Amino acid sequence: MTEKIFVIGANGQIGTELVAALRKIHGAENVIASDINSPNYALRNTGPFEYANVLDKDNLHHLFDKHRPTQVYLLAAILSAVGEQKPKMAWDLNMTGLLHVLDFAVEFKVQKVFWPSSIAVFGPHSPQHNTPQYCVMDPNTVYGFSKLAGERWCEYYFSKYGLDVRSLRYPGLIGWRANPGGGTTDYAVHIFHEALKHQKYQGFLSAQTALPMMYMDDAIRATLTLMDAPAENITIRSSYNLAGVSFTPEQLAAEIKKLMPEFEMSYAENDPRQAIADSWPKSIDDTQAQQDWGWQLEYDLPKITEDMLTNLKTII
C-alpha cells in the first residue's frame with residue numbers, strides 16, 4: 001500500500017533532512033511537508049508543501065481531512081534555550097500541538113505517528129552517567145517537562161486508543177544542511193561554522209561539559225528504522241533512549257584542531273544555557289533500542305568532525 005506521509009514542522013533542523021529521506025523512499029508526491037513558515041528551497045521544489053500551525057486546530061483538521069495521511073511526523077516545537085525565554089508559549093506549542101495531532105490521528109485512523117522527545121526529560125536527580133531508560137526524571141526546563149508530559153500522552157493514546165505512536169529521546173543533534181533551532185547543544189553546530197569563517201569560536205558551555213550528541217545522518221536513520229520496525233517489536237511507547245556519542249566542547253575543539261591547526265577555542269562565562277546542560281545526562285544507555293529494533297550508531301566524533309567540515313566548506 002502506498003504511504004501518505006504528513007511532516008509537521010518540516011522547516012527545522014530535523015525536518016529538512018527527514019523530508020528529503022522520506023521522499024527518496026516513498027516518492028516526493030507522497031510526502032507532504034508543512035510548517036508555519038515559508039518553505040526553504042529544497043522543501044518547496046521537491047514535493048508538496050502546506051502551511052500549518054499546530055495551534056490552529058481548524059486548519060490542521062482540514063489538512064488531515066485533505067491528505068488522509070497514513071503516517072504523521074510531528075516535529076514542530078520550541079526548544080530548550082528559546083523555551084526558557086518564552087516558557088508559556090513553549091508549553092502551549094509543545095503540548096497543545098501534540099494533543100491536536102494525537103486527536104486527529106485517532107479520528108482519521110493514522111497508522112503510525114512519530115513524535116520526538118529529548119534527553120531534556122532527565123533532570124538533576126537522574127543518573128548522569130549511562131542514564132537508563134527508566135529512572136528518576138525531574139526536568140527543570142519548560143522544554144524538558146513538556147517533553148516528559150508528551151511522553152505520557154503518547155503512551156496514553158497507545159494504551160487507550162491503540163494509536164501506534166513511536167518516539168525517540170534525541171540527544172543533541174549535529175548537522176550541516178540546516179541551521180539549529182535554539183537548543184542548548186547548538187554550540188556543536190555553531191562551532192564548525194565559526195571555525196570555517198573565522199578560525200575561532202567562543203563557546204557558551206564550559207570546556208568540560210559532557211553531553212550526548214548525535215550526527216544528523218544517524219538521527220534520521222534511527223527515526224526511519226524505528227518507524228519501519230514491526231509493531232510487536234516496539235516495547236516502549238513513551239520514548240526510547242538514544243545514546244549517540246558523548247563529548248565535551250574541549251574534546252570537539254581538539255578534533256577540529258587536528259584538521260584545522262589554526263583553530264582557537266575560548267569560553268564565555270555565566271551563560272544561562274550552562275545550567276540547563278548541567279541538569280542533563282552526560283551519557284545515555286540505549287540498550288533497549290538496540291535490542292528491540294537493532295539500533296547501531298555509525299558516526300563517532302572524528303567521523304562527525306571530518307564530515308561536518310568537508311560539507312560546510314562547500315556552502316560557507
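All heavy atoms count here, side chains included; hydrogens, waters and symmetry mates do not. Note that the structure is predicted; figures quoted are calculated from it, not measured.
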Quick one, [X] and [Y] - any side-chain contact, counting heavy atoms below 4.5 Å?
X      : Y      : answer
Phe104 : Glu107 : yes
Ile14  : Met216 : yes
Phe263 : Met265 : yes
Glu29  : Arg23  : no
Leu148 : Phe122 : no
Met214 : Ile174 : no
Phe6   : Ser34  : yes
Val82  : Ile78  : yes

Same cluster or not: [X] versus [Y], using hydrophobic residues (I, L, V, M, F, W, Y) connected whenever any side-chain heavy atoms lie under 4.5 Å apart?
X      : Y      : value
Val72  : Val7   : no
Leu75  : Leu224 : yes
Leu168 : Ile8   : no

Is the side chain of [X] donor-acceptor paired with the backbone N or O of [Y] at a distance under 3.5 Å, no angle test?
X      : Y      : answer
Lys257 : Pro261 : yes
Asp92  : Lys88  : no
Asp286 : Ala289 : no
Asp285 : Asn130 : no
Arg166 : Leu226 : yes
Asn241 : Thr131 : yes
Arg68  : Asp65  : yes
Ser117 : Arg169 : no

Row check, Phe49 ring normal vs Arg44 NZ/CZ: under 6.0 Å, within 45°: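 That pair does not qualify as a cation-pi contact.
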Within 45° cone and under 6.0 Å: Lys147 NZ/CZ vs Trp115 ring: yes
Straight-line distance of Gln290 CD to Leu297 CG, nearest 0.5 Å: 9.5 Å
Set of ring-ring contact (aromatic ring centres under 6.0 Å, His included) partners for Tyr73, sequence neighbours left out: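 Here the qualifying residues are Phe114.
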Tyr201: partners by ring-ring contact (aromatic ring centres under 6.0 Å, His included), with sequence neighbours left out: none
Salt bridge (charged side-chain N to carboxylate O under 4.0 Å, His left out) partners for Arg177, two or more places apart: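 Glu17, Asp217.
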Gln133 CD: over 12 foreign heavy atoms closer than 6.0 Å: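 For Gln133, atom CD is crowded (more than 12 foreign heavy atoms under 6.0 Å).
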Donor-acceptor side-chain pairing of [X] and [Y] below 3.5 angstrom:
X      : Y      : value
Thr248 : Gln208 : no
Ser167 : Glu151 : no
His26  : Gln71  : no
Asp35  : Tyr51  : no
Gln199 : Glu264 : no

Pair Glu3-Thr70, side chain to side chain donor-acceptor pair (under 3.5 Å): steps then yes or no: CA-CA 6 Å; Glu3 298 281 0; Thr70 59; 2.4 Å; yes
Trp295/Tyr240 aromatic ring centres below 6.0 Å: no
Pair listing, side chain to side chain donor-acceptor pair (under 3.5 Å) test, anchored in residues 221-237, at least two apart: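 Applying side chain to side chain donor-acceptor pair (under 3.5 Å) to every pair that reaches into residues 221-237, excluding sequence neighbours, yields Asp164-Arg237, Tyr170-Thr223, Asp218-Arg221, Thr235-Asp292.
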Transitive ILVMFWY cluster of Tyr143, excluding itself - 4.5 Å side-chain cut-off: Leu79
Ring geometry between Tyr161 and Tyr157 (parallel below 30°, tilted from 30 to 60°, perpendicular above 60°):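 Ring orientation, 0 to 90° scale: tilted.
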Sequence neighbours left out, cut at 3.5 Å: what donor-acceptor pairs do the side chains of residues 180-192 make with other protein atoms?
unit_1, atom_1, unit_2, atom_2, d
Thr184, OG1, Ser80, OG, 2.9
Asp186, OD2, Gly182, N, 2.9
Asp186, OD2, Gly183, N, 2.7

Worked verdict on Glu262 versus Lys200 for salt bridge (charged side-chain N to carboxylate O under 4.0 Å, His left out): CA-CA 8 Å; Glu262 69 279 14; Lys200 62 182 179 180; over 6 Å; no
